[in-house]
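Report on the following structure.
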Amino acid sequence: MSLTNKTALVTGASSGIGRAVSNQLLDSGVKVLGLCRDTSKLPKGVEPIACDLTEPAEIDKVFASLSHLDILVNNAGLALLSRIADGNPADWETMWQLNVQALTICCQKSLALFPESGGQIINTSSMSGHRVPPTGGFYSPTKFAVRGISDALRYELRADGNPTRVATVSPGFVDTPLLDDYFKGREDQLAQTRSSMRLLQPEDVASSVLHILNTPLHVEITDIQMRSVDQKA
Ligand SMILES: NC(=O)c1ccc[n+]([C@@H]2O[C@H](COP(=O)([O-])OP(=O)(O)OC[C@H]3O[C@@H](n4cnc5c(N)ncnc54)[C@H](OP(=O)(O)O)[C@@H]3O)[C@@H](O)[C@H]2O)c1
């Protein structure tokens, strides 16, 4: 679709992938509403929306204040290292609330704001949503859920005759601050990963998001899997 003058809501727009997506959208003439908790870190040109996505009442308030959207980039996410065998259930809850529940609520609420000709939802999953890495813990299942929710929504929209398109983007390791949480307590492994691999950059993922948005309206890309050529699994 033509992106000029479209309006996009990008969650997690202040850092990493969301920040790069916001910058590339701005370059394409899109009005970007950037949602995160600390809006002081948002890129210039993004309209700030302060919201803690783990608080459903805050999400309700945000959507009640919006009148129109063309694009939702559901990107905010957290990768706490929390094992199933002995991890802290409080960590599972936080990841579930942010990575899954908030993403789903944002999908649902965006539908009412999209034009009749349809909007575009892009949900950030992960390669950890395609196969479970041995250290993936509870994070990996939240990313499987993102794919399941995206597929479920797509079928519902098709059944309803709603032309809104739903895509997921599934990157392997991307060089962002999220890796510090994912490798917490394993800093030597993170250093080794950073030194041995040409990690994906946030801009690489953002380019795929823009590719999805720039396809003709009859084309629905459902998932883009991507990883560094140096990532072995
Ligand atoms: N980096 C990777 O290797 C990788 C690989 C595959 C998939 N992903 C996925 O890509 C997405 C973006 O990750 P990233 O690597 O770009 O992470 P990041 O650099 O750590 O950025 C996370 C963003 O989410 C926001 N956020 C965190 N908690 C929030 C909350 N409770 N409410 C609202 N916003 C919140 C943060 O802003 P505030 O702290 O100000 O709220 C920040 O803007 C995530 O869904 C992640 O799972 C990342």
Side-chain angles (χ1 to χ4, degrees), residues 9-24 32-43 46 48-59 61-62 72-82 90-91 93-106 122-133 135-147 149-150 167-184 189-190 193-194 197-206 208-209 223-228 230-231 233:
L9 175 63
V10 180
T11 70
S14 60
S15 172
I17 296 168
R19 187 181 182 85
V21 168
S22 298
N23 281 326
Q24 291 191 18
V32 180
L33 314 176
L35 184 154
C36 58
R37 289 166 302 180
D38 180 0
T39 56
S40 69
K41 295 182 187 152
L42 286 167
V46 167
I49 299 184
C51 173
D52 183 344
L53 287 167
T54 63
E55 299 289 344
E58 290 196 24
I59 306 177
K61 253 197 216 160
V62 168
L72 168 67
V73 183
N74 246 328
N75 161 80
L78 190 62
L80 301 175
L81 184 68
S82 193
D91 289 341
E93 190 178 3
T94 305
M95 284 192 279
W96 186 260
Q97 285 172 338
L98 179 61
N99 299 3
V100 182
Q101 189 172 300
L103 171 139
T104 311
I105 295 171
C106 289
I122 301 175
N123 292 329
T124 311
S125 179
S126 170
M127 284 308 299
S128 295
H130 286 268
R131 83 281 181 265
V132 180
T135 54
F138 194 80
Y139 172 69
S140 174
T142 68
K143 291 299 176 179
F144 273 80
V146 170
R147 287 205 302 121
I149 286 154
S150 304
T168 54
V169 177
S170 299
F173 288 131
V174 187
D175 197 2
T176 75
L178 173 138
L179 292 185
D180 296 327
D181 278 334
Y182 191 72
F183 282 92
K184 201 167 186 178
Q189 279 180 39
L190 177 55
T193 301
R194 282 209 159 106
M197 222 188 259
R198 289 163 291 171
L199 291 171
L200 291 180
Q201 296 302 306
E203 291 72 21
D204 300 324
V205 184
S208 290
V209 169
D223 184 47
I224 293 183
Q225 296 181 43
M226 55 193 301
R227 54 191 143 193
S228 160
D230 299 328
Q231 186 171 338

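For clarity, every value in this text was computed on a predicted model and none was experimentally measured. These values consider heavy atoms only, across backbone and side chains, with no hydrogens, waters or symmetry-generated copies. When a ligand or atom number is given, it counts from 1 through the structure's own listing order.
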*Among Asp223, Asn123, Ile224, side chain to side chain contact (heavy atoms under 4.5 Å, CB included) partner for Ser170*: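 Per the side chain to side chain contact (heavy atoms under 4.5 Å, CB included) rule, the option paired with Ser170 is Asp223, out of Asp223, Asn123, Ile224.
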Hey, does [Y] have a side-chain heavy atom less than 4.5 Å from the side chain of [X]?
X: Val146; Y: Thr124; value: no
X: Ile49; Y: Thr39; value: no
X: Lys41; Y: Ser15; value: no
X: Val21; Y: Asn75; value: no

Quick one: table the atom pairs, ligand 1 N or O against protein N or O, below 3.5 Å, distance rounded to 0.1 Å.
| unit_1 | atom_1 | unit_2 | atom_2 | d |
| --- | --- | --- | --- | --- |
| ligand 1 | 1 (N) | Val174 | O | 3.3 |
| ligand 1 | 1 (N) | Thr176 | OG1 | 3.1 |
| ligand 1 | 3 (O) | Val174 | N | 2.7 |
| ligand 1 | 3 (O) | Val174 | O | 3.4 |
| ligand 1 | 15 (O) | Thr176 | OG1 | 2.4 |
| ligand 1 | 16 (O) | Ile17 | N | 2.8 |
| ligand 1 | 19 (O) | Ser15 | OG | 2.6 |
| ligand 1 | 28 (N) | Arg37 | NH2 | 3.3 |
| ligand 1 | 31 (N) | Asp52 | OD1 | 2.9 |
| ligand 1 | 32 (N) | Leu53 | N | 2.9 |
| ligand 1 | 37 (O) | Ser14 | OG | 3.2 |
| ligand 1 | 39 (O) | Arg37 | NH2 | 2.9 |
| ligand 1 | 40 (O) | Arg37 | N | 3.4 |
| ligand 1 | 40 (O) | Asp38 | N | 2.9 |
| ligand 1 | 41 (O) | Arg37 | N | 2.8 |
| ligand 1 | 41 (O) | Arg37 | NE | 2.8 |
| ligand 1 | 43 (O) | Gly12 | O | 3.2 |
| ligand 1 | 43 (O) | Ser14 | N | 3.4 |
| ligand 1 | 43 (O) | Ser14 | OG | 2.7 |
| ligand 1 | 45 (O) | Asn75 | O | 2.8 |
| ligand 1 | 45 (O) | Lys143 | NZ | 2.9 |
| ligand 1 | 47 (O) | Tyr139 | OH | 2.7 |
| ligand 1 | 47 (O) | Lys143 | NZ | 3.0 |

*Exercise: identify the closest heavy-atom pair between Gln201 and Val174*: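 Closest approach of Gln201 to Val174: C-CG1, 3.7 Å.
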